[in-house]
Amino acid sequence: MQLCANKLDKKDFFGKSDPFLVFYRSNEDGTFTICHKTEVIKNTLNPVWQPFTIPVRALCNGDYDRTVKVDVYDWDRGGSHDFIGEFTTSYRELSRGQSQFSVYEVLNPKKKCKKKKYINSGTVTLLSFKAESEYTFVDYIKGGTQLNFTVAIDFTASNGNPSQPTSLHYMNPYQLNAYGMALKAVGEIIQDYDSDKLFPAYGFGAKIPPDGKISHEFPLNGELENPNCVGIQGVLEAYFKSLRTVQLYGPTNFASVINQVARAAGDVTDGSQYYVLLIITDGVISDMVQTKEAIVNASSLPLSIIIVGVGPAEFDAMEELDGDEVRVSSRGRFAERDIVQFVPFRDYVDRSGNQVLSMARLAKDVLAEIPEQFLSYMKSRDIKPRPLPQSGPVQNLPMHI
């Protein structure tokens with residue numbers, strides 16, 4: 001909503017007032033709780049405040065007829081703000097502002113008692129009011145939206161020979177290597193949101209049989225026509241099988257696998273599907289320009305990209321792809337949304353060697369941004385959750401994310 005005021009009382013000895021509004025929610029016991037403060041508008045008796053957004057829950061606890069009190073103050077540098085006056089309203093009354101201006105008299109009870117001719121201390125006008133439903137990630141999942149999980153694993157030579165214990169791809173018969181841990185940590189949670197449990201899994205940066213051609217999007221199960229693996233266990237088995245059949249090589253190129261998943265995401269933009277690509281890599285990216293372009297192109301699609309860095313390398317370039325500070329750009333075009341989350345696995349490894357704890361920490365952090373990225377896509381396309389299916393009870397959703 002947006003409000004302005006007219007002819008407020010002058011409180012400052014030099015100059016006019018510096019007005020701001022304070023909104024209070026009334027509680028069951030008759031007390032009031034502050035729920036919003038506007039900004040201060042300096043030196044005016046006719047301020048126009050910026051529009052602001054507030055949850056209905058915070059304003060009136062969902063009770064449309066509950067009293068909302070608004071105090072008008074004159075800001076004072078020392079913190080002892082001068083009271084100009086007050087008025088009361090309710091959510092229901094405010095909501096009439098969708099079709100008409102609502103004008104409220106600002107009254108100062110002390111002044112009213114003292115002065116017989118006192119009318120008011122100014123007026124506040126509601127200029128605009130709009131109520132919107134804010135949907136949650138779970139609303140969409142309950143409505144049937146599926147998460148499609150795809151994995152891409154770095155098979156470049158810098159990982160080291162898989163038969164050596166120093167290799168990041170070391171096939172230890174007793175415990176998972178860093179790639180396996182990252183895959184299992186993230187995949188086992190995401191798989192609960194995907195009903196068919198079929199996960200396309202790719203490798204990049206290896207020479208593949210039979211002719212030793214370098215590939216940046218080869219299916220881990222060896223089936224070009226059907227790269228799907230059954231469950232996270234199926235992805236792990238295909239990963240270990242690939243380690244025995246391909247030759248680790250290079251370079252470290254991301255663009256081709258991002259474009260591959262983006263093509264699939266581009267086919268279903270109605271909100272029924274959302275794609276999550278997990279890239280696990282040991283290092284420095286070789287095709288940064290092409291990868292940035294792929295990310296910018298994909299930022300308008302129902303897609304999020306998680307990059308987990310394993311091993312001791314410097315991952316500075318990856319931070320650039322994670323658009324938290326500065327939105328990724330390519331050839332002067334900026335990404336429509338922030339769709340990349342990068343984390344170095346070493347930050348989550350438990351010092352005592354507890355793999356379960358390491359994986360839980362990684363999953364919690366790496367998946368934290370997915371619901372927000374998911375909602376930003378739905379909001380940008382004005383896609384609302386589908387109504388709940390009528391037949392039968394709603395399945396109990398896992399609440400990890």
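The figures here come from the full heavy-atom set of this structure, side chains too, leaving out hydrogens, waters and symmetry mates.
Using cut-offs of 30° and 60° for the angle between ring planes, the F315 and F342 rings count as tilted. Between F204 and F254, the ring planes are perpendicular. Angles over 60° get that label, and only those under 30° would be called parallel. Taking the six-membered ring where tryptophan is involved, the planes of Y91 and Y64 are tilted, since the angle between them lies from 30° to 60°. The aromatic rings of Y239 and Y179 lie tilted to each other, with the angle between the two planes from 30° to 60°.
Without hydrogens or angle criteria, R337 side chain to L301 main chain gives a donor-acceptor distance under 3.5 Å. In this structure a side-chain-to-backbone donor-acceptor pair under 3.5 Å is missing from N148 to A265. Of the possible donor and acceptor atoms, none in the side chain of E336 sits under 3.5 Å from a partner among the backbone N and O of Y377. One N or O on the side chain of T136 and one on the backbone of D139 form a donor-acceptor pair closer than 3.5 Å. Looking only at distances, no side-chain donor or acceptor of T123 sits under 3.5 Å from a matching main-chain atom of V103. A donor-acceptor contact shorter than 3.5 Å links the side chain of H169 to the backbone of D154.
Aromatic ring centres of F155 and F218 lie closer together than 6.0 Å.
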For N354 and S352, run side-chain hydrogen bond (donor to acceptor under 3.5 Å, both in side chains): C-alpha distance rounded to whole Å, both residues' side-chain angles, the deciding distance at 0.1 Å, then the answer. CA-CA 6 Å; N354 184 330; S352 67; 5.3 Å; no
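Around atom OH of Y249, no more than 12 heavy atoms belonging to other residues, nucleotides or ligands sit under 6.0 Å away.
In this model, no donor atom of one side chain and acceptor atom of the other lie less than 3.5 Å apart for Y193 and T145.
Residues that satisfy the salt bridge (Lys or Arg N to Asp or Glu O under 4.0 Å) test with E314, not counting sequence neighbours, are absent from this structure. Partners of K379 according to the side-chain hydrogen bond (donor to acceptor under 3.5 Å, both in side chains) rule, which considers only residues two or more places apart in sequence or in another chain, are E134.
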